[in-house]
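Note that these values count all heavy atoms, side chains included, but never hydrogens, waters or copies made by symmetry.
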Amino acid sequence: MTAPPPPAAAPQVQEVKPARQPLPGLGLLRQTGDMFLLGMQVFRLMFKRPFQVREFVEQFWFIASVTIFPACLVAIPFGAVISLQIGSLTEQFGAQSFTGGASVLAVLQQASPLIVALLAAGVAGSAICADLGARKIREELDAMEVMGISPVHRLVVPRVLATICVAVLLNGLVSVVGTAGGYFFNVVMQGGTPGAYVSSFSSLAQITDLYISEIKAVIFGFVAGIVAAHRGLNPRGGPKGVGEVVNQAVVIAFTLLFFLNLILSAIYLQIVPPRVG
């Protein structure tokens with residue numbers, strides 16, 4: 001009789017190790033790095049030929065057409081509120097002669113760049129993000145890459161440059177309209193004198209105040225365009241994802257622009273001494 005075969009060895013069960021959870025905040029850090037890389041790429045491609053002149057003109061006209069009228073409507077109450085508030089405070093201290101200078105400086109340094117930031121991120125940024133997101137889910141950007149065309153150079157660079165140019169022009173427009181609104185409300189509603197309003201501004205203001213205002217507008221336009229382009233190039237979930245990235249772009253741009261305004265204002269006030277009237 002043959003011996004029975006030895007019993008088969010039981011199969012060894014390999015222990016499955018749980019997947020490592022990503023570190024908290026790693027996704028945010030990666031998104032920040034990708035956004036920074038996109039900004040560097042856009043800055044480098046700005047000087048690469050051929051320049052997309054037609055795309056730039058179309059985007060410039062579109063952004064300007066949807067932001068000029070809202071900018072004027074927002075600038076008037078901004079200038080009026082600042083002028084009324086500062087006029088009330090200076091009257092309590094007996095310094096009504098400085099109302100004009102303080103009001104115009106507040107509009108020029110803070111209110112005007114902030115209005116530009118809101119419009120650049122809320123109006124121009126949302127339009128750029130929605131356009132690029134729709135192209136992405138229709139696979140137009142993938143088709144461009146297959147044909148050897150850079151979507152960043154062809155689509156993103158003209159839009160970012162258009163946003164910057166419109167932001168600079170809007171900053172000047174908002175400064176003029178806000179100053180005129182503050183002048184009207186101070187002289188008409190608070191009984192101020194036109195001569196004191198103008199003379200206090202000329203004695204307190206300096207050319208660097210205009211420089212920092214325009215520098216803020218350039219930086220705000222660039223950041224708003226980069227944030228909108230980055231979120232528009234990375235939608236998820238089809239058409240619903242496009243709406244989500246538009247909301248994300250607006251929120252992220254608002255947050256970044258307000259922090260940048262704080263940092264730039266602090267640096268400016270530390271570097272440039274105030275002018276004593």
Side-chain angles (χ1 to χ4, degrees), residues 35 38-39 42 46 51-80 107 110-138 140-141 151-152 154-181 213-233 235 239 241-258 260-261:
M35 201 175 302
L38 178 61
V42 169
M46 285 181 181
F51 182 72
Q52 306 298 328
V53 179
R54 181 174 181 177
E55 189 75 20
F56 169 77
V57 173
E58 290 178 355
Q59 294 300 319
F60 179 89
W61 176 253
F62 169 73
I63 296 174
S65 63
V66 297
T67 54
I68 289 178
F69 188 63
C72 296
L73 293 181
V74 174
I76 294 175
F78 253 91
V107 170
Q110 302 299 329
S112 181
L114 287 178
I115 293 174
V116 170
L118 294 175
L119 293 174
V123 180
S126 60
I128 293 173
C129 184
D131 180 36
L132 294 177
R135 292 172 183 264
K136 181 66 175 180
I137 64 173
R138 292 197 303 262
E140 293 183 16
L141 304 184
V152 176
R154 179 64 178 80
L155 299 176
V156 177
V157 171
R159 284 163 171 77
V160 173
L161 284 176
T163 306
I164 294 174
C165 294
V166 173
V168 173
L169 297 178
L170 279 181
N171 185 68
L173 176 64
V174 171
S175 299
V176 173
V177 175
T179 301
S213 182
E214 294 293 350
I215 290 173
K216 285 183 178 181
V218 171
I219 295 176
F220 291 171
F222 181 79
V223 172
I226 292 298
V227 172
H230 176 265
R231 300 312 303 150
L233 294 174
V242 176
E244 293 177 354
V245 294
V246 170
N247 293 333
Q248 293 173 8
V250 174
V251 174
I252 294 173
F254 278 174
T255 306
L256 286 178
L257 295 180
F258 275 80
L260 283 175
N261 181 69

Atom pair [atom1] ([X]) and [atom2] ([Y]), whose distance is rounded to the nearest 0.5 Å:
X	Y	atom1	atom2	result
M35	I252	CE	CD1	5.0 Å
L73	I68	CG	CD1	12.0 Å
L155	I128	CG	CD1	11.0 Å

Where do [X] and [Y] come nearest, in terms of heavy atoms and distance?
X	Y	result
A121	L257	CB-CD1, 4.0 Å
G39	F222	O-CZ, 3.7 Å
K136	G232	CB-O, 4.1 Å
T163	A120	CG2-CB, 4.4 Å
V156	A229	CG1-CB, 3.6 Å
I226	L38	O-CD2, 3.9 Å

Those residues that, when tested against F51, pass ring pair (Phe, Tyr, Trp, His ring centres under 6.0 Å) (two or more places apart):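 Scan of F51 (ring pair (Phe, Tyr, Trp, His ring centres under 6.0 Å), adjacent residues dropped) gives F56.
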Mind checking whether [X] and [Y] have side chains closer than 4.5 Å, heavy atoms only?
X	Y	result
V123	P70	no
L161	Q59	no
L118	F258	yes

Q110 and N261: CA distance, side-chain angles, deciding distance, side chain to side chain contact (heavy atoms under 4.5 Å, CB included) verdict: CA-CA 8 Å; Q110 302 299 329; N261 181 69; 3.2 Å; yes
Looking at residues at least two apart in the chain, or sitting in another chain, which of them share a salt bridge (charged side-chain N to carboxylate O under 4.0 Å, His left out) with E55?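 Scan of E55 (salt bridge (charged side-chain N to carboxylate O under 4.0 Å, His left out), adjacent residues dropped) gives R154, R159.
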Report all side-chain donor-acceptor pairs from residues 164-176 shorter than 3.5 Å, counting only partners two or more places apart or in another chain.
| residue | atom | partner | partner atom | Å |
| --- | --- | --- | --- | --- |
| N171 | OD1 | S112 | OG | 2.8 |
| N171 | OD1 | S213 | OG | 3.1 |
| N171 | ND2 | S213 | OG | 2.8 |
| N171 | ND2 | E214 | OE2 | 3.4 |
| S175 | OG | S112 | OG | 3.1 |
| S175 | OG | N171 | O | 2.7 |

Please indicate whether F254 has more than 12 foreign heavy atoms, meaning atoms of other residues, nucleotides or ligands, lying under 6.0 Å from its CZ.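 Counting other residues, nucleotides and ligands, CZ of F254 exceeds 12 neighbours.
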